[in-house]
2 protein chains.
Amino acid sequence: MREFRGKLRILLIDDNADHLRGVKELITLESNYDVVGATTSANIGINLIKKYHPDIVLMDINMPEKDGLQAIQDIEKLNLNTRVIALSGYDDADLIFRAMKLGAKGYILKTMASAQLIYAIDEVAAGKIYLPSALSSRFFDYFQRSFKEESNSADAENLLTYLTAREEEVLDLLTQGNNYKGIAGKLFISETTVKTHVNNIFQKLQVNDRTQAVLYALNNGFANKRRAKLAV
Amino acid sequence: MREFRGKLRILLIDDNADHLRGVKELITLESNYDVVGATTSANIGINLIKKYHPDIVLMDINMPEKDGLQAIQDIEKLNLNTRVIALSGYDDADLIFRAMKLGAKGYILKTMASAQLIYAIDEVAAGKIYLPSALSSRFFDYFQRSFKEESNSADAENLLTYLTAREEEVLDLLTQGNNYKGIAGKLFISETTVKTHVNNIFQKLQVNDRTQAVLYALNNGFANKRRAKLAV
DNA sequence: CAATTTATCAATCCAAAGATGTACGCCAAT
DNA sequence: ATTGGCGTACATCTTTGGATTGATAAATTG
């Protein structure tokens, strides 16, 4: 992935000046790394990234001024080949999850040994993901929990299962914002037939109108390929 | 997590009888494992799980009869302390992602060395997640890609930003399935005022009716705490 | 201060949505 | 052969939704 440039070009962003200096010295000691910048400001850091296109960014995500997570997102939107490793003092599952979600390629704790940091940089530079075993477990716990609730609510008896195939077709078109005429046109049936189906759908889903039907469908795992979301 | 029982109790499910036998022999060789069952049928396997409550299930997820992924989900719904490790011939990112999502605590390839399998069992039994580095990378690639599209579409100019605070309130109530009367009642304003707001919302979101407005809101990151979903 | 935006309300009109009842051909299961 | 579910269709009626225009007061902003 990374083309040969001799040295890995690294940018450091950490609002703690002491820690920033420490990491910088540590990395500079490694002969094959080149620190192209080190700043305590996320905003300045992002500008430096636009300028220098570093290979790796070490980003502290616990900063007051600008949220480090937000910064990661901004960097990802630049669509460079820059890979971000999140630096944090906390092994909080939610933090890890959000950092990875926003595109971080690694997550390491400030308390970790310096050898770990070097290893992480090498791994990420090689195109891999670096997540220490303990953090990885936290991540997956969080990840799986966020779906467990979903599948639980899903089996609280899903009224969608009572729909006939045709009704599902109609509901699918409803969830795309179609009105009666639109659905009739797409299914080559009359508008009154659509009304019949829609009314049957209302009965089965125990709702009063199309908006509620659409919401029910969306909230109960109605096959909807267009959405793939998780709360931020 | 796991209480002391002397030996780890393991159940094997694999529709390939040869592979099943091979794995069984391999595991039986380990002195601290106890194979409590081995079957080529997912359905029988699930019944065995209900009966024996094994510590670990090795589940082949490429089976014709019953989808292994579905089986994982079924097992998770039992809410036992049984941990499932997915066995697969493929290192397909989507497969890995779905298996983990449904609650698998590990994922290993059939081509992997037997030592790996033993190691994975021990790790998972100890409460950890086992995902070989290569598969982990695939997982995260997939994971991050599924969010990338989202954030891209989110900044394609979000018409929601044009809404006033009041309009957002109204839209929020719309996304809960309220009609005019309901909204008017909840905001202590007249129904005609609500209509005005809703009409303004339509204009700003460039949609024709409430259903489309609700869909737009949901698909464009409208703060909606109730949904936290990913496509299956 | 003047201009603009926002929130509120009203009246009207037409279109769309929803409720209800009826009906008929098809097909699968009993 | 009969029953029942499904898909289709229509008519009728009521309610809700949506477009348009206009108006007023408060808040915001230049």
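Residue numbers begin at 1 in each chain, while the letters A, B, ... track the order of the sequences. Note that these values count all heavy atoms, side chains included, but never hydrogens, waters or copies made by symmetry.
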With the side chain counted from C-beta on, respond yes when B:N178 and A:T211 share a heavy-atom pair under 4.5 Å apart, and no when they do not.
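In short, these two side chains do not touch, never coming nearer than 4.5 Å.
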
Taking C-beta and beyond as the side chain, do A:I129 and B:R138 meet within less than 4.5 Å on heavy atoms?
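They are not in side-chain contact.
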
Nearest listed nucleotide, side chain of A:Y180, among D:dT16, D:dG18, C:dG18
C:dG18

Salt-bridge present (B:D60, B:K110; N to O < 4.0 Å):
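Counted as a salt bridge, because a side-chain N and a carboxylate O are separated by less than 4.0 Å.
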
Basic-acidic side-chain contact under 4.0 Å: B:K77, B:D74
no

Might you list the N or O atoms of the protein lying below 3.5 Å from N or O atoms in nucleotides 5-11 of chain C, with each pair's distance?
{"residue": "C:dA7", "atom": "OP1", "partner": "B:T164", "partner atom": "OG1", "Å": "3.3"}
{"residue": "C:dA7", "atom": "OP1", "partner": "B:R166", "partner atom": "N", "Å": "3.1"}
{"residue": "C:dA7", "atom": "OP2", "partner": "B:T164", "partner atom": "OG1", "Å": "2.5"}
{"residue": "C:dT8", "atom": "OP1", "partner": "B:R166", "partner atom": "NE", "Å": "3.1"}
{"residue": "C:dT8", "atom": "OP1", "partner": "B:R166", "partner atom": "NH2", "Å": "2.6"}
{"residue": "C:dT8", "atom": "OP2", "partner": "B:R166", "partner atom": "NE", "Å": "2.6"}
{"residue": "C:dT8", "atom": "OP2", "partner": "B:H197", "partner atom": "NE2", "Å": "2.9"}
{"residue": "C:dC9", "atom": "OP2", "partner": "B:S190", "partner atom": "N", "Å": "2.6"}
{"residue": "C:dC9", "atom": "OP2", "partner": "B:T193", "partner atom": "OG1", "Å": "2.8"}
{"residue": "C:dC9", "atom": "O5'", "partner": "B:T193", "partner atom": "OG1", "Å": "3.3"}
{"residue": "C:dC9", "atom": "N4", "partner": "B:T196", "partner atom": "OG1", "Å": "3.2"}

Does a donor on one side chain and an acceptor on the other come within less than 3.5 Å for [X] and [Y]?
{"X": "A:D15", "Y": "A:T40", "value": "no"}
{"X": "A:D94", "Y": "A:Y142", "value": "yes"}
{"X": "B:T193", "Y": "B:S190", "value": "yes"}

Heavy atoms under 4.0 Å is the rule here; annotate nucleotides 23-30 of chain C 5' to 3' with B where the base is hit, S where only the sugar-phosphate is, and - elsewhere.
--------

Do nucleotides 25-30 of chain D as a string where each nucleotide becomes B, S or -: B if the base has a protein heavy atom under 4.0 Å, S if just the sugar-phosphate does, - if no protein is that close.
------

Under the rule for side-chain contact (heavy atoms from CB on, under 4.5 Å), what residues qualify as partners of A:E168, not counting sequence neighbours?
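Once residues adjacent in sequence are excluded, the partners of A:E168 under the side-chain contact (heavy atoms from CB on, under 4.5 Å) criterion are A:L163, A:F222.
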
Mind checking the CG-NE2 spacing from A:N81 to A:H53? Nearest 0.5 Å is all I need.
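The distance works out to 9.5 Å.
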
Starting at CG of B:L131, measure out to OG of B:S137 and round the result to the nearest 0.5 Å.
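That separation rounds to 9.5 Å.
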
Examine B:R9 relative to B:Y33 and say whether NZ or CZ is less than 6.0 Å from the centre of the six-membered ring and inside a 45° cone about the ring axis.
no

Which is true for A:K195 with a 4.0 Å heavy-atom rule: it touches a base, it touches only sugar-phosphate, or it touches nothing?
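Contact class for A:K195: base.
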
Give B:N199 one of three labels, base, sugar-phosphate or nothing, depending on what nucleic acid heavy atoms sit under 4.0 Å from its own.
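Base contact.
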
Listed partners of B:F140 passing ring pair (Phe, Tyr, Trp, His ring centres under 6.0 Å), at least two apart:
A:F139

Find the distance [X]:[atom1] to [N]:[atom2] and express it as a whole number of Å.
{"X": "B:Q212", "N": "D:dG17", "atom1": "CD", "atom2": "P", "result": "15 Å"}
{"X": "A:I183", "N": "D:dT8", "atom1": "CD1", "atom2": "P", "result": "13 Å"}
{"X": "B:F202", "N": "D:dA19", "atom1": "CZ", "atom2": "P", "result": "6 Å"}

For A:A104 against A:I72, the heavy-atom pair lying closest together
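Looks like N-CG2, 4.0 Å.
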
Divergence of helical axes at both termini of the helix from C:dC1-D:dG30 to C:dT30-D:dA1 - five pairs an end, 10° steps:
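Taking the rotation axis at each end, their angle is 50°.
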
